[in-house]
Protein chains: 2
Amino acid sequence: MANSTPTGDSRPTEPKTLVESAYRALRRDIIEGNLAPGEKLRVEHLKDNYGVGAGTLREALSLLISDALVVSQGQRGFRVAPVSLEDFEDITKTRVMLECDALRQSITMGDDAWEADLLAAFHRLTKAEEKRIGTDDREEWEERNRIFHEVLISACPSRWLKHFLSILYQQAERYRRLSLYLQPIPRDIHAEHEALMQAAMTRDTDKATAILGEHILLTFQSIQLIPKDQLNEKLAA
Amino acid sequence: MANSTPTGDSRPTEPKTLVESAYRALRRDIIEGNLAPGEKLRVEHLKDNYGVGAGTLREALSLLISDALVVSQGQRGFRVAPVSLEDFEDITKTRVMLECDALRQSITMGDDAWEADLLAAFHRLTKAEEKRIGTDDREEWEERNRIFHEVLISACPSRWLKHFLSILYQQAERYRRLSLYLQPIPRDIHAEHEALMQAAMTRDTDKATAILGEHILLTFQSIQLIPKDQLNEKLAA
DNA sequence: TATCTTAAAAATCTCGAGAAAAAGTATTGA
DNA sequence: TCAATACTTTTTCTCGAGATTTTTAAGATA
């Protein structure tokens, strides 16, 4: 795998081995919901779908355990990690705590280059939002949104904090996608991002963390508004 | 593997497969320092040592990446995760933040059963300390120390927080063992534990978290006192 | 009908051998 | 002596097949 550092970011640059290709493809399918929560992952079936051998696929699945996207059990194979409202709430709250702390440090430590990166990331995100209006190009927006959040805390010196946050972000993205069908877009996410960037650029730490905390929390609360029967239909697997 | 929950504790109960046995043996050897930091992990050699096939060993190594005890790189195999003073400092600071927060929640939520567990864990730890005086039974003390810290925060409802903390604890233990030869035992750890337990039992949250924070920080500061040349000898690999 | 036992089917887990890549060594030339 | 190239060796990566274990299904008994 390319991401070799112990606390390094979980996004390798380029897949050099079949294990990594399979790892990526599986991760994508789990996050996007093509592989349903709780679904059994039969190696013999999947190896054909992803065009690799059984051993290679097993190794890719082992890697996905790190990301808590796959779970395994004794002699009973692999499964897609289940989902629950409690889990999403836990992810959200933990993320609020860690990401706000990381942002605080990042604002303190960030230099001119960081400001430039942040401005650029926000610009790219804005462009993706404009482009997205007509088309359904969700992927590009997702990627740029992730990068925006990543750049925000990039000046934080703690590798471990950033490592944990990349895992939590990935988890949150999965839940966000599962809830997308039910809840379109009632929020003005662009405005939230802009206010967040402004506060960060002007080094208003308290304001920035307050906005960020609310921003993350809202993604959780929006799913709670959904009628319970519809929700369970999605979550149960 | 037995630990199947996405955010579950990273200590399975019993190894049911060869992959898991190899995973445990390797983890133990890395934490105890039998496999040196940065050392290359050649599958062809190791498979004989651990008595498993190449594929099985690769899978075990993949699992160790989750714990950040092993790193891998493209087509260049696996290595024991390197160590550095900066990394240990990062681990310590992150752990202080997370573990204090978890303790705060645990004290708030903990019921009678939690108090009983805590008292029992402290008692077992004390017994291990007494027994340890003559003999060199480090392992039992290590295990009970881990459990004591685990029970302290067990009433915290956040699985993710506890999951991250179990990873950080494991990392810290590795550094602690590496530094053991250089720095015997200048601290009265028993007194620290006792004060910590007392504060937790009387629900004095501020005092408890203060003690815990100091307690964790001290394990880092004790390694810093070591002469630099000796330290690099240990850390460089 | 429900439960326990027994047998077939499917899936997981494991190993060894072959292809691809990297690391190391020797040779050649200036 | 040094650098670059070609060759050899080692190691990683990958696949397919066999041994265990779990799951499913059928049959028998109360």
Side-chain angles (χ1 to χ4, degrees), chain A residues 1-5 12-27 29-30 35-36 38-66 69-82 237, chain B residues 1-6 8 12-27 29-30 35-36 38-66 69-82 237:
Chain A
M1 277 86 292
N3 59 328
S4 54
T5 51
T13 46
E14 276 190 36
K16 290 262 174 183
T17 65
L18 284 183
V19 171
E20 180 151 333
S21 302
Y23 164 72
R24 288 198 182 198
L26 279 164
R27 184 177 63 184
D29 283 339
I30 292 173
L35 293 168
E39 184 177 336
K40 196 138 187 9
L41 295 168
R42 290 182 192 80
V43 176
E44 291 302 316
H45 288 190
L46 265 57
K47 77 186 184 103
D48 298 325
N49 295 10
Y50 294 91
V52 295
T56 303
L57 192 73
R58 281 185 66 85
E59 214 174 299
L61 289 171
S62 296
L63 288 174
L64 282 164
I65 295 178
S66 323
L69 291 173
V70 164
V71 296
S72 77
Q73 204 181 16
Q75 295 264 26
R76 284 160 46 179
F78 300 89
R79 284 183 172 279
V80 179
Chain B
M1 280 95 280
N3 59 327
S4 54
T5 51
T13 47
E14 277 190 35
K16 288 262 174 180
T17 66
L18 284 184
V19 171
E20 180 151 332
S21 302
Y23 164 73
R24 289 199 182 197
L26 279 163
R27 183 176 65 183
D29 283 339
I30 292 173
L35 293 168
E39 184 176 336
K40 196 135 187 12
L41 295 168
R42 290 182 192 79
V43 176
E44 292 300 317
H45 288 190
L46 265 56
K47 78 189 186 98
D48 298 326
N49 295 12
Y50 293 92
V52 295
T56 303
L57 192 73
R58 281 185 65 85
E59 213 174 302
L61 289 170
S62 296
L63 288 175
L64 282 163
I65 294 177
S66 321
L69 292 173
V70 164
V71 297
S72 77
Q73 202 180 12
Q75 295 265 26
R76 283 159 46 178
F78 300 88
R79 284 182 172 279
V80 179

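Scope of the values below: all heavy atoms of this structure, side chains included, with no hydrogens, waters or symmetry mates. Note on naming: letters A, B, ... go to the chains in the order of the sequence lines (proteins, then strands), and numbering restarts at 1 for each one.
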Q: How long is the straight-line distance from NZ of B:K40 back to CZ of B:F78, given to the nearest 0.5 Å?
A: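 Those atoms lie 9.0 Å apart.
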
Q: Tell me the closest heavy-atom pair linking B:E59 and A:S62, and the distance in Å.
A: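 Shortest heavy-atom separation between B:E59 and A:S62 comes out as CG-OG, 3.2 Å.
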
Q: How bent is the helix from C:dT1-D:dA30 to C:dA30-D:dT1, measuring the angle between the end axes built from five pairs each, rounded to 10°?
A: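 The angle separating the two end axes equals 10°.
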
Q: Could you state the atom-to-atom distance from CG of A:L18 to P of C:dA21 in whole Å?
A: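 Computing the A:L18:CG to C:dA21:P distance gives 11 Å.
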
Q: Can you measure A:E59 atom CD to C:dC13 atom P for me and round it to whole angstrom units?
A: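 Rounded to whole Å, this separation is 14 Å.
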
Q: Give, for atom CG of B:L57 and atom CG of B:L26, the distance between the pair rounded to the nearest 0.5 Å.
A: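 B:L57 CG to B:L26 CG: 5.5 Å, rounded to 0.5 Å.
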
Q: What is the distance, to the nearest angstrom, from the CG atom on B:L57 to the C1' atom on D:dT14?
A: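 Atom CG in B:L57 sits about 16 Å away from atom C1' in D:dT14.
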
Q: Find the distance B:K47:NZ to D:dT11:C1' and express it as a whole number of Å.
A: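 Whole-Å distance recorded here is 12 Å.
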
Q: Whole angstrom is fine here: how far is it from OH in A:Y50 over to P in D:dC15?
A: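 These atoms are roughly 15 Å apart.
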
Q: Please tabulate, one pair per line, each protein N/O and nucleotide N/O from nucleotides 9-12 of chain C that are separated by under 3.5 Å, including the distance.
A:
from, atom 1, to, atom 2, distance (Å)
C:dT12, OP1, A:L41, O, 3.4
C:dT12, OP2, A:V43, N, 3.2

Q: What distance do A:L41 atom CG and A:L64 atom CG have between them, rounded to the nearest 0.5 Å?
A: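 It is 9.0 Å, given to the nearest 0.5 Å.
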
Q: Begin from the C-alpha positions of B:S72 and B:L61 and carry the test side-chain contact (heavy atoms from CB on, under 4.5 Å) through to its verdict.
A: CA-CA 9 Å; B:S72 77; B:L61 289 170; over 6 Å; no

Q: Is the phosphate of D:dC15, meaning OP1 or OP2, less than 4.0 Å from a side-chain N or O of A:T56?
A: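 Yes, A:T56 has a side-chain N/O under 4.0 Å of OP1/OP2 on D:dC15.
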
Q: For B:L18, what residues pass the side chain to side chain contact (heavy atoms under 4.5 Å, CB included) criterion, not counting sequence neighbours?
A: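 Residues passing side chain to side chain contact (heavy atoms under 4.5 Å, CB included) with B:L18: B:V52, B:T56.
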
Q: Rounded to the nearest 0.5 Å, what separation is found between the CG atom of A:L69 and the CG atom of A:D29?
A: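 The CG atom of A:D29 is 11.5 Å from CG of A:L69, to the nearest 0.5 Å.
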
Q: Ignoring hydrogens, what is the shortest heavy-atom contact between A:K16 and B:G74? Give both atom names and the distance.
A: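 The pair with the smallest heavy-atom distance is CB-CA, 4.4 Å.
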
Q: Quick check for you: to the nearest 0.5 Å, what is the distance between B:I30 atom CD1 and B:E39 atom CD?
A: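 With rounding to 0.5 Å, CD1 (B:I30) is 9.0 Å from CD (B:E39).
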
Q: Using atom CZ of B:R79 as one end and atom P of D:dT11 as the other, report the distance to the nearest whole Å.
A: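 That distance rounds to 13 Å.
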
Q: When the distance from NZ of A:K16 to C1' of D:dT14 is rounded to whole Å, what number comes out?
A: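 So the NZ-C1' distance, A:K16 to D:dT14, works out to 18 Å.
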
